[in-house]
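Here is the structure we will look at.
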2 protein chains.
Amino acid sequence: MSSETVFPVRGLPIASVERETGLSKDTLRVWERRYGFPTPERDANGERLYAPAQVQRLLQIKRLMDRGHRPGKLLALDDAALQALDESRPEASGRPGAPPLDTWMQLVRTHDSDALQRALYREMVKRGLAGFVQDTVAPLIARVGEAWSRNELGIFEEHLFSQHLEKVFRTVLANLSPQQGSPRVLLTTLSGEEHTMGLLMVEALLVVEDVYPVLLGPQTPIDEIVRAAQLKQADAVCLSFSSAYSPALAAQGMRDLRQMLPAGIALWAGGYGVKAIRKPIDGVCLLPEFQDLYDCLARWRSEHGRQPA
Amino acid sequence: MSSETVFPVRGLPIASVERETGLSKDTLRVWERRYGFPTPERDANGERLYAPAQVQRLLQIKRLMDRGHRPGKLLALDDAALQALDESRPEASGRPGAPPLDTWMQLVRTHDSDALQRALYREMVKRGLAGFVQDTVAPLIARVGEAWSRNELGIFEEHLFSQHLEKVFRTVLANLSPQQGSPRVLLTTLSGEEHTMGLLMVEALLVVEDVYPVLLGPQTPIDEIVRAAQLKQADAVCLSFSSAYSPALAAQGMRDLRQMLPAGIALWAGGYGVKAIRKPIDGVCLLPEFQDLYDCLARWRSEHGRQPA
DNA sequence: TCAATCATTTGTCCTAGACAATGTATGGGT
DNA sequence: ACCCATACATTGTCTAGGACAAATGATTGA
């Protein structure tokens, strides 16, 4: 083995940047052409090599786009202006009675696994599952995501946090595991969406409402979703999209699925990713907020004449 | 919703085909150019529209490629030859004394969730965790993978199986959760490897050996693995590779990680993916079989003078 | 104030060429 | 018979700039 394996890469190739940022190769190239950013080096073969600092900045831009800013503006800004924008918090969405998020963030920051695990579990027991999901977990995930985009947290802390959260949900759900209930809802994500936390949160909310959930895990192709829904006699299919998923792809995927799914089976979609979808999709129920899930469920029940037990 | 669901799916756009098949847009275009397949229609705007039947065939080709066939051959074949190839079994690998795998496969095939869940849990209790992992779970995963590649099982059944397996492991591990133990082992995968089942199996094996595992979830960048190992004071980092991960990439990744990781922290690697790595890597302990994990652990303990409790 | 129209922004698709990485076959030496 | 190096074939990904439609913002009129 050659000992001169230099690790500090001069930059990441375009495919890695696509994977890291979620921005397509086409988008990266067209941004460079139109806005003059990013400005990757080239390797001996003329292929782009993105400096790590620029990848960080792309992540920051992506995050700000998710908050509603437009690419054209963001890409014209310099570092300082970008930083200023990033630090302007949208607003302290301190709902009254909400738990002190800063305390939680401190636990994440110090990666104190045991304390975090206990605290999460205690909070769930204290507030109840629904309140825990809406008032604690959802804001916390947002905060962790923001902190990560500001480089205040590393991937390590984010992963650790996710693992503990997942453990809490799995523990609770393992002891609830319903054998029946209605409607029967199939939970999954489309190919390319690998985040399962949204599915676990939705499963938790549904289980306490006496819904029978079928958790399929992430990344199911469309025709398999259709087959699964029929074989499991699902009344509805519920998809989850994270903010990383391209809204256009999500909309197209749901149109594809709606077309192949029997009309009797409802199609719901939740997660941060659907907030970016403005246009309603025919025959699809979009659930940008948790509350919408309850409304949607209630509507289904009234239409099908079934009441919760 | 209209009952006369017309099915004029003239075809899926290229982005949908990419999502469904996992073949990149570039690959789809270059196949069309080189091999004359697929042959998408064009919409009014000149954009490709793939017929559903061709998408199915692309999936079949993809499966055969995973079995080792080369695209150039497959794309030249007609439907019949492709089907014949698809149905040719590699061989039935039946170890004597193993549990009746066919019975298990039947449960997976019929997607009887409740029965499968109960059966898995019962088997774990009956055989013990280590025996369950080695003699039941590992062969079953292999069988399911094979069956999928022969198109006898769909993604749906595979996902459902994974979910139930994961549930069993999480349930068991939740009630074991150690607060101490030695060595301290960090469990994760490199970017691009998204399979977590291997990590859960290793965690299960380690926990009963009084090891303190830190589960980090999949896809951690190398510098974050290093940071995590230091902050969590890990004695070892254990990576998992599925067979889908390119052996060359895996080897390179481990060399990179070994270089950045303090010498005092061991590096282990398990999973089907390491079986394909022939050359030993300096300072890395390759564990192609489960037994190797025990050997490796015993060696670490003797070298560090610590015995299991 | 709201709705309709026009203008701009923005992501994705197109073509066709190039090349590196990987896999396979061939040759020569133990 | 085995192994290693070299030559050849295969295959995925990258490049370039042009084009266009869907989404968004601005402007006008009722």
Side-chain angles (χ1 to χ4, degrees), chain A residues 11-19 21-38 40-50 58 61-62 64-76 192 244-253 255 274-281, chain B residues 11-19 21-37 40-50 58 61-62 64-76 192 245-252 276-279:
Chain A
L12 299 174
I14 195 169
S16 299
V17 179
E18 175 179 38
R19 181 166 47 69
T21 64
L23 299 164
S24 78
K25 294 192 245 287
D26 274 328
T27 300
L28 288 168
R29 284 192 278 256
V30 89
W31 279 9
E32 181 182 340
R33 202 195 318 162
R34 282 186 191 148
Y35 311 113
F37 185 88
E41 303 287 313
R42 299 298 178 123
D43 68 3
N45 193 30
E47 301 188 353
R48 292 172 175 79
L49 283 182
Y50 293 82
L58 286 170
I61 288 171
K62 183 90 193 307
L64 286 167
M65 281 171 58
D66 290 343
R67 280 203 231 162
H69 297 277
R70 302 200 64 178
K73 310 282 181 188
L74 295 173
L75 286 158
Y245 208 85
S246 144
L249 274 183
Q252 182 61 48
R255 277 191 293 268
V274 302
K275 291 190 183 177
I277 301 175
R278 305 294 170 86
K279 231 188 199 174
I281 302 171
Chain B
L12 299 176
I14 194 169
S16 297
V17 178
E18 176 180 42
R19 170 170 48 70
T21 63
L23 299 164
S24 76
K25 295 192 244 287
D26 275 329
T27 300
L28 288 167
R29 291 194 197 103
V30 88
W31 278 9
E32 181 182 340
R33 203 197 310 168
R34 283 189 190 143
Y35 310 113
F37 184 86
E41 303 288 312
R42 298 296 177 124
D43 69 3
N45 194 30
E47 302 188 354
R48 290 171 174 79
L49 283 181
Y50 293 83
L58 286 170
I61 288 171
K62 183 91 191 308
L64 287 166
M65 280 171 58
D66 291 342
R67 276 206 240 164
H69 297 277
R70 302 201 63 179
K73 309 282 181 190
L74 295 172
L75 285 159
Y245 208 86
S246 144
L249 272 184
Q252 184 60 48
I277 300 177
R278 307 294 172 85
K279 258 188 199 166

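This one's a predicted model, so the numbers in the text were calculated from it and none came from an experiment. Below, read A as the first sequence line, B as the second, and so on, with proteins coming before strands; counting in each chain starts at 1. Below, each value reflects all heavy atoms present in this structure, side chains not excepted, and no hydrogens, waters or symmetry copies.
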Looking at D/dG17, does its base get a donor-acceptor pair with the side chain of A/Arg29 below 3.5 Å?
no
Begin with the C-alpha distance, continue with both residues' side-chain angles, and end with the deciding distance and a verdict on salt bridge (charged side-chain N to carboxylate O under 4.0 Å, His left out) for B/Arg29 and B/Glu47.
CA-CA 12 Å; B/Arg29 291 194 197 103; B/Glu47 302 188 354; over 6 Å; no
Kindly say if B/Arg48 contacts the phosphate of C/dT15, meaning a side-chain N or O under 4.0 Å from OP1 or OP2.
yes
Here the gap from A/Leu75 atom CG to A/Arg34 atom CZ, rounded to the nearest 0.5 Å, amounts to 11.0 Å
Spacing between A/Asp43 atom CG and D/dT13 atom P, to the nearest angstrom
16 Å
Would you say A/Tyr35 places a side-chain N or O within less than 4.0 Å of OP1 or OP2 belonging to C/dT9?
no
Using whole Å, report how far CG of B/Leu28 lies from P of D/dT11.
15 Å
Expressed in angstrom and rounded to an integer, what is the separation of B/Leu49 atom CG from C/dC14 atom C1'?
14 Å
Euclidean distance, atom CD of residue A/Glu32 to atom C1' of C/dG11 [Å, nearest integer]
16 Å
Whichever of B/Met65 and A/Asp26 has its nearest DNA chain D nucleotide further upstream toward 5'
B/Met65
Value rounded to 0.5 Å, distance of CD in A/Glu18 from OH in A/Tyr50
10.0 Å
Of the candidate nucleotides D/dA16, D/dG18, C/dA20, which contains the atom at the shortest distance from the side chain of A/Asn45?
C/dA20
I want to verify a distance call: between C/dC14, C/dA18, D/dC14, whose nearest atom is closest to the A/Lys25 side chain?
D/dC14
Output, in order, the C-alpha distance, side-chain angles, deciding distance and verdict of salt bridge (charged side-chain N to carboxylate O under 4.0 Å, His left out) for A/Glu41 and A/Arg48.
CA-CA 6 Å; A/Glu41 303 287 313; A/Arg48 292 172 175 79; over 6 Å; no
Between A/Glu47 and A/Trp31, just flag the one whose closest nucleotide in DNA chain C comes earlier from the 5' side.
A/Trp31
Can you tell me the distance, in whole Å, between the CD1 atom of A/Ile14 and the P atom of C/dA20?
17 Å
To the nearest Å, how far apart are A/Arg33 CZ and D/dT15 P?
12 Å
With a cut-off of less than 4.0 Å, is there a side-chain N or O of A/Thr27 near OP1 or OP2 of C/dT10?
no
Between C/dT12, C/dC13, C/dC19, which one does the side chain of B/Ala15 approach most closely?
C/dC13
Suppose we call a contact any N or O donor and acceptor under 3.5 Å apart; does that hold for the side chain of A/Arg34 and the base of C/dG11?
yes
Heavy-atom nearest nucleotide on DNA chain C taken for B/Gly68 and for B/Ser16; more 5' hit belongs to B/Ser16
Which residue is it: B/Leu74, B/Leu23, B/Thr21? I am looking for the one with a side-chain contact (heavy atoms from CB on, under 4.5 Å) to B/Lys62.
B/Leu23
Looking at B/Ser24, does any N or O in its side chain come under 4.0 Å of the phosphate oxygens OP1/OP2 on D/dG12?
no
Whole-Å distance between D/dA19 C1' and B/Arg42 CZ?
14 Å
Whole-Å distance between C/dT12 P and B/Glu18 CD?
10 Å
Are side-chain heavy atoms of B/Trp31 and B/Asp26 found at a separation under 4.5 Å?
no
Testing C/dT10, C/dC14, D/dT13 for proximity to the side chain of A/Arg70, the answer is C/dT10
Which of the following nucleotides, C/dC14, C/dT12, C/dG11, is nearest to the side chain of A/Pro71?
C/dG11
